[in-house]
Amino acid sequence: MTQHPLTRRKALAAAAAGLGLTLALSACGGSSNPLSSGSAAPASGGAGKALVIGSADFTESQIIAELYAGALNAAGVQATTKPNIGAREVYYKAVQDGSIDVVPDYTGNLLLYVDPKATQVSAADIAGALPGKLPQGLGILDPAKAEDKDAMVVTKATAAKYQLKSLEDMAKVCADLVIGAPATFEKRAYGLPGLKDKYSCVPKQFQPMSDGGGPVTLKALLSNDIQVADIFTTTPSIADNGLVVLDDPKNNFIAQQVVPLVRTDTVNDKAKSVLNAVSKQLTTDDLVNLNRAVSGNQKQSPADAAKAWLKEKGLAS
């Protein structure tokens, strides 16, 4: 994706609550040292030191970190959380220096971070390439089915009017369409250059949007001020408004599976097994529902939303 989810999502923080959008929102208050506070977990098994589960500075990452910590504690592996650490540049270094042991990440962006020249686009190819690109001491566990990536989204009316199901269909009428997306979309490889290169799609107009797929973008899309919007796939507003996500057969937006990034010297086999069990059950629909639970009308905390999901999946009592 292309653009780092953290960089993109910081723009969503101010606007996301009105939509139930959680991908880029900052749910926890920061401190002068983002690694200085976290939630304590009850003592359990292990080597005498609790695993520290970090998260990035947006709600979805915080939810996933609570899923990891909750599952570990339920299995007898002591774990605490350090939420709201910051962007990938910050939390990646925190794993390297031992400040945290585990952090949720996204496969495509993580690969591009460690290897900016990477060309892999499919889920399998990205997951296969990642381990060999990580430095000694860092590793990934099993990627989840859950994926969070950019998508070109239209209303049902626009899809019907232009017979749109995929980006290939969109390309045929691209000259009639206004695309709304973050300003960076104009220059990013996956943005307008990617649409032109892979689909020969040059829109009638590009409309920079300041809220990263949030309520301003949604309003413009629903009012037909723009006909296509860049909205992340785990955003509740897609399902809540009956929007249509256009298929991307040429993988302009590369795979972005949720994956635990871990310190290999502190995360033992039991912990790995527990985290892999979480990944095995976590789906994109689950993330949408978890995001909605936290930033929608329910206003659950990330920890409470995670606890309910773990109980539902039989990963905690």
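Note that this is a predicted model, so its numbers are computed, not measured.
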Minimum heavy-atom separation for [X] to [Y], with atom names?
| X | Y | value |
| --- | --- | --- |
| Ala306 | Glu66 | CB-CB, 3.6 Å |
| Asn84 | Ser55 | N-OG, 3.0 Å |
| Val278 | Ala71 | CG2-CB, 3.5 Å |
| Val114 | Lys133 | CG2-CB, 3.7 Å |
| Gly54 | Ala65 | O-CB, 3.5 Å |
| Phe232 | Gly212 | CE1-O, 3.6 Å |

Let me confirm one number: the [atom1]-[atom2] distance from [X] to [Y], rounded to the nearest 0.5 Å.
| X | Y | atom1 | atom2 | answer |
| --- | --- | --- | --- | --- |
| Leu218 | Ile226 | CG | CD1 | 9.0 Å |
| Lys299 | Asp304 | NZ | CG | 14.5 Å |
| Lys311 | Ser317 | NZ | OG | 8.0 Å |
| Tyr199 | Lys250 | OH | NZ | 6.5 Å |
| Tyr68 | Leu72 | OH | CG | 10.0 Å |
| Leu141 | Lys280 | CG | NZ | 15.0 Å |

Looking at [X] and [Y], would you say the former's side chain and the latter's main chain have a donor-acceptor pair under 3.5 Å?
| X | Y | value |
| --- | --- | --- |
| Asn291 | Thr234 | yes |
| Thr107 | Ile126 | no |
| Asp115 | Leu111 | no |
| Gln227 | Val178 | yes |
| Gln281 | Lys313 | yes |
| Thr235 | Ser237 | no |
| Lys172 | Tyr162 | no |
| Gln120 | Asp125 | no |
| Ser61 | Phe58 | no |
| Asn73 | Gly70 | no |

Quiz item: Asn252 and Leu195: side chain to side chain contact (heavy atoms under 4.5 Å, CB included), yes or no, with the steps?
Solution: CA-CA 7 Å; Asn252 182 56; Leu195 293 177; 3.9 Å; yes
Self-check item: Stepwise side chain to side chain contact (heavy atoms under 4.5 Å, CB included) check, Ile64 with Leu287
Solution: CA-CA 9 Å; Ile64 300 168; Leu287 282 185; 4.0 Å; yes
Determine whether [X] and [Y] make a side-chain contact, defined as any pair of heavy atoms from C-beta on separated by less than 4.5 Å.
| X | Y | value |
| --- | --- | --- |
| Leu243 | Leu222 | yes |
| Gln163 | Asp169 | no |
| Ile254 | Lys149 | no |
| Thr155 | Leu221 | yes |
| Leu246 | Val153 | no |
| Pro193 | Arg188 | no |
| Pro182 | Asp230 | yes |
| Pro143 | Tyr106 | no |

Distance-only polar pair, side chains of [X] and [Y], donor-acceptor under 3.5 Å:
| X | Y | result |
| --- | --- | --- |
| Asp248 | Tyr190 | no |
| Asn276 | Ser279 | no |
| Gln256 | Asp148 | no |
| Tyr91 | Gln96 | no |
| Ser223 | Asp225 | yes |

Exercise. Could you go through the side chain to side chain contact (heavy atoms under 4.5 Å, CB included) check for Val102 and Leu261 one step at a time?
Key: CA-CA 6 Å; Val102 182; Leu261 175 66; over 6 Å; no
Exercise. Could you please spell out the steps behind the side chain to side chain donor-acceptor pair (under 3.5 Å) verdict for Asp285 and Thr283?
Key: CA-CA 5 Å; Asp285 285 344; Thr283 68; 5.3 Å; no
Exercise. Please work out whether the ring planes of Phe206 and Phe185 are parallel, tilted or perpendicular, with thresholds of 30° and 60°.
Key: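 Because their plane-to-plane angle is under 30°, the rings of Phe206 and Phe185 count as parallel.
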Quiz item: Quick check: are there more than 12 heavy atoms from other residues, nucleotides or ligands sitting under 6.0 Å from NZ of Lys145?
Solution: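 No, NZ of Lys145 has 12 or fewer neighbouring heavy atoms, counting only those of other groups under 6.0 Å.
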Quiz prompt | Val173 vs Leu164, side chain to side chain contact (heavy atoms under 4.5 Å, CB included): CA-CA, chis, key distance, verdict | solution = CA-CA 9 Å; Val173 294; Leu164 303 181; 4.0 Å; yes
SB check [X] [Y] (cutoff 4.0 Å):
| X | Y | result |
| --- | --- | --- |
| Asp101 | Lys49 | yes |
| Asp240 | Arg292 | yes |
| Asp105 | Arg88 | yes |

